[in-house]
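Values reported hereafter were calculated over all heavy atoms of this structure, with side chains retained and with hydrogens, waters and symmetry mates removed. In this text, all values refer to a predicted model and were calculated from it rather than measured experimentally.
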Amino acid sequence: ISDLTNNKYATDLVLKSDTVYYVRVRADRPGIGQSAWSSVRELKYSLASCKFDTVEVAGHDILMSWTSQYDGCEIQYSEYSDLSVTETFKLTKDNTTHTIKDLDPGTYHLRMRFYHDVDALFYGEQTNYSKWSPIITVQVKPDIPKMESAVIEPTKFTAYFSPVDKVTGY
């Protein structure tokens, strides 16, 4: 580095998340030489925590949005609250919305995390991940049956309605 008029140095090197780095600095003046090293400073780098900006249920779909400056995110969802069995989507940074479509009625648990592909020159092919977001729980409800007609008799009531997909009883 030859010009530090602002006493600041920035690099485009992609750092590994949840890693401690040790940094020191020294001056180098042509014709005079180098100073001694500064004291070592310990810095811990972590990807920012993440969260959904919005999560909405529309019919049998779950619509999600988020904001990210990283390479992308992973989204997991499950019918199990401990997310022991999940479906996972890995999305690139160009995607800041996602829709999970045509779900059966039930309770779903979602979480997300950001990822950043680290510099292969220094670390090999690896991916950095943020911590998982808090789990969001949503309900996908069955469709409302449409009442076609109803007949009332002195000792009986009969209703006729259109069937609803993915329902086990009325």
Side-chain angles (χ1 to χ4, degrees), residues 10-21 43-170:
T11 179
D12 288 334
L13 176 66
V14 178
L15 304 175
K16 284 182 69 175
S17 187
D18 297 321
T19 302
V20 175
Y21 289 90
L43 303 170
K44 181 168 183 179
Y45 172 72
S46 294
L47 290 177
S49 60
C50 61
K51 67 180 182 67
F52 292 104
D53 291 337
T54 62
V55 176
E56 300 173 23
V57 176
H60 292 276
D61 301 341
I62 301 174
L63 296 76
M64 300 154 283
S65 70
W66 58 90
T67 306
S68 171
Q69 71 270 20
Y70 299 111
D71 291 331
C73 74
E74 281 189 342
I75 297 171
Q76 287 187 333
Y77 78 96
S78 177
E79 292 183 83
Y80 300 95
S81 61
D82 64 356
L83 283 97
S84 57
V85 177
T86 64
E87 291 285 333
T88 302
F89 299 97
K90 189 168 186 177
L91 304 165
T92 64
K93 66 182 168 185
D94 298 328
N95 297 302
T96 56
T97 63
H98 186 70
T99 302
I100 304 170
K101 296 182 177 233
D102 300 321
L103 295 168
D104 290 337
T107 302
Y108 292 90
H109 309 278
L110 305 113
R111 67 181 180 178
M112 72 178 306
R113 66 181 177 178
F114 294 135
Y115 71 85
H116 208 31
D117 292 325
V118 300
D119 196 318
L121 176 66
F122 292 96
Y123 305 111
E125 291 297 324
Q126 293 182 22
T127 301
N128 258 337
Y129 291 99
S130 68
K131 291 180 175 34
W132 286 106
S133 68
I135 295 172
I136 304 280
T137 301
V138 296
Q139 284 279 336
V140 174
K141 297 190 178 198
D143 294 328
I144 299 170
K146 181 180 177 192
M147 182 73 72
E148 301 291 341
S149 64
V151 176
I152 299 176
E153 298 174 25
T155 58
K156 171 168 99 172
F157 170 79
T158 306
Y160 299 92
F161 54 89
S162 57
V164 175
D165 288 342
K166 303 177 182 176
V167 173
T168 57
Y170 295 95

Decide yes or no on side chain to side chain contact (heavy atoms under 4.5 Å, CB included) for Cys73 and Trp66, but give the supporting numbers first. CA-CA 9 Å; Cys73 74; Trp66 58 90; 3.5 Å; yes
Atom pair [atom1]/[atom2] of [X] and [Y] - distance to nearest 0.5 Å:
X: Ile136; Y: Lys51; atom1: CD1; atom2: NZ; value: 9.0 Å
X: Met64; Y: Leu110; atom1: CE; atom2: CG; value: 6.0 Å
X: Ser65; Y: Asn95; atom1: OG; atom2: CG; value: 12.5 Å
X: Arg111; Y: Leu83; atom1: CZ; atom2: CG; value: 5.0 Å
X: His109; Y: Ser81; atom1: NE2; atom2: OG; value: 5.0 Å
X: Glu56; Y: Ile62; atom1: CD; atom2: CD1; value: 11.5 Å

Parallel, tilted or perpendicular: rings of Tyr77 and Phe89 (30°, 60°): parallel
Nearest heavy-atom neighbours spanning [X] and [Y]:
X: Ser78; Y: Tyr80; answer: OG-N, 2.9 Å
X: Ser133; Y: Cys50; answer: CB-O, 3.2 Å
X: Pro105; Y: Lys141; answer: CB-C, 4.1 Å
X: Tyr115; Y: Glu74; answer: CD2-N, 4.4 Å

Any donor-acceptor pair under 3.5 Å from Thr86 side chain to Thr88 backbone: no
Take Tyr108 and Ile100, measure what side chain to side chain contact (heavy atoms under 4.5 Å, CB included) needs, and give me the verdict at the end. CA-CA 11 Å; Tyr108 292 90; Ile100 304 170; over 6 Å; no
Does the side chain to side chain contact (heavy atoms under 4.5 Å, CB included) test come out yes or no for Leu63 and Thr54, once each step is laid out? CA-CA 8 Å; Leu63 296 76; Thr54 62; over 6 Å; no
Under 3.5 Å, is there a donor on one side chain and an acceptor on the other for Thr99 and Asp61? no
